[in-house]
Peer 1: 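Got a structure for you, written out below as structure tokens; questions coming shortly.
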Amino acid sequence: MRPNRKKWRRGIGIGDEVAITTTVLRRVSEDRVSIIIPSYNFPHSIVDHMAKKGQNIELIGEVTSIDDEAGKVTINLRPLVTVDLDQVRLVTGYKPPHRRATLGDTPD
């Protein structure tokens, strides 16, 4: 039996890889930069040695939950980040693994 995996608006479902475009605000240390994530109202920083202020960076993460009524999607960017659904774009759709043989004993 296959799990019920519903595709939501814009063809995004749980387990899909999505991308979100962020903007570098400032350099925090030699190897970290502070970024702003659209529709995410908390500070966030990432490790990046080459980024400059004002540069756009694309972050890719896996969708962990979707709230279709509120139009929000939660992405695992380490930490989990909840943003508006219209701020993300699909990179790779989730494909469940295919089994070649059934599990269990086979009759002789």
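What's counted below: heavy atoms across the whole structure, side chains too, no hydrogens, waters or symmetry copies. Predicted model, so just to flag it, every value in this text is computed and none were measured.
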Peer 1: Are Val73 and Phe42 connected in a single hydrophobic cluster, I mean Ile/Leu/Val/Met/Phe/Trp/Tyr linked by side-chain heavy atoms less than 4.5 Å apart?
Peer 2: yes
Peer 1: What are the two closest non-hydrogen atoms of Asn56 and Thr23, and how far apart are they?
Peer 2: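 Smallest interatomic distance, heavy atoms only, reads OD1-OG1, 3.2 Å.
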Peer 1: Could you go through residues 75-82 and list every donor-acceptor pair under 3.5 Å that involves a side-chain atom there, pairing it with any protein atom two or more places apart or in another chain?
Peer 2:
{"residue": "Asn76", "atom": "OD1", "partner": "Arg78", "partner atom": "N", "Å": "3.1"}
{"residue": "Thr82", "atom": "OG1", "partner": "Thr74", "partner atom": "OG1", "Å": "3.0"}

Peer 1: Report the C-alpha separation of Val63 and Ile12 in whole Å, then their side-chain angles, then the decisive distance to 0.1 Å, and conclude whether the side chain to side chain contact (heavy atoms under 4.5 Å, CB included) test is met.
Peer 2: CA-CA 8 Å; Val63 175; Ile12 295 174; 3.9 Å; yes
Peer 1: Compare every heavy atom of Ile35 with every heavy atom of Thr22, then report the nearest pair and how far apart it is.
Peer 2: OG1-CD1, 3.9 Å
Peer 1: If hydrophobic clusters are built by linking Ile, Leu, Val, Met, Phe, Trp and Tyr wherever their side-chain heavy atoms come under 4.5 Å apart, do Val83 and Leu85 end up in the same one?
Peer 2: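 Per the 4.5 Å side-chain linkage, Val83 and Leu85 are co-clustered.
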Peer 1: Can you pull the salt bridge (charged side-chain N to carboxylate O under 4.0 Å, His left out) pairs that have at least one residue in residues 50-62, sequence neighbours excluded?
Peer 2: Glu58-Arg89
Peer 1: Atom CD1 of Ile57 and atom CD1 of Ile46: how far apart are they, to the nearest 0.5 Å?
Peer 2: 4.0 Å
Peer 1: Would you mind listing every side chain to side chain donor-acceptor pair (under 3.5 Å) that reaches into residues 29-44, with sequence neighbours excluded?
Peer 2: Ser29-Asp31, Arg32-Ser45
Peer 1: Could you report the tightest heavy-atom contact between Ala19 and Ile60, atom names first, then the distance?
Peer 2: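 Shortest heavy-atom separation between Ala19 and Ile60 comes out as CB-CG1, 4.1 Å.
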Peer 1: Less than 4.5 Å apart, any side-chain heavy atom of Asp84 and any of Lys72?
Peer 2: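 With C-beta onward as the side chain, the pair touches.
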Peer 1: For Asp48, what residues pass the salt bridge (Lys or Arg N to Asp or Glu O under 4.0 Å) criterion, not counting sequence neighbours?
Peer 2: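 Residues passing salt bridge (Lys or Arg N to Asp or Glu O under 4.0 Å) with Asp48: none at all.
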Peer 1: Side chain to side chain contact (heavy atoms under 4.5 Å, CB included) with Pro38: which residues, sequence neighbours excluded?
Peer 2: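 Side chain to side chain contact (heavy atoms under 4.5 Å, CB included) list for Pro38, sorted by chain: Ile20, Gln87.
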Peer 1: If you round to the nearest 0.5 Å, how far is OG1 of Thr92 from CG of Asp16?
Peer 2: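 Separation between the atoms: 8.5 Å.
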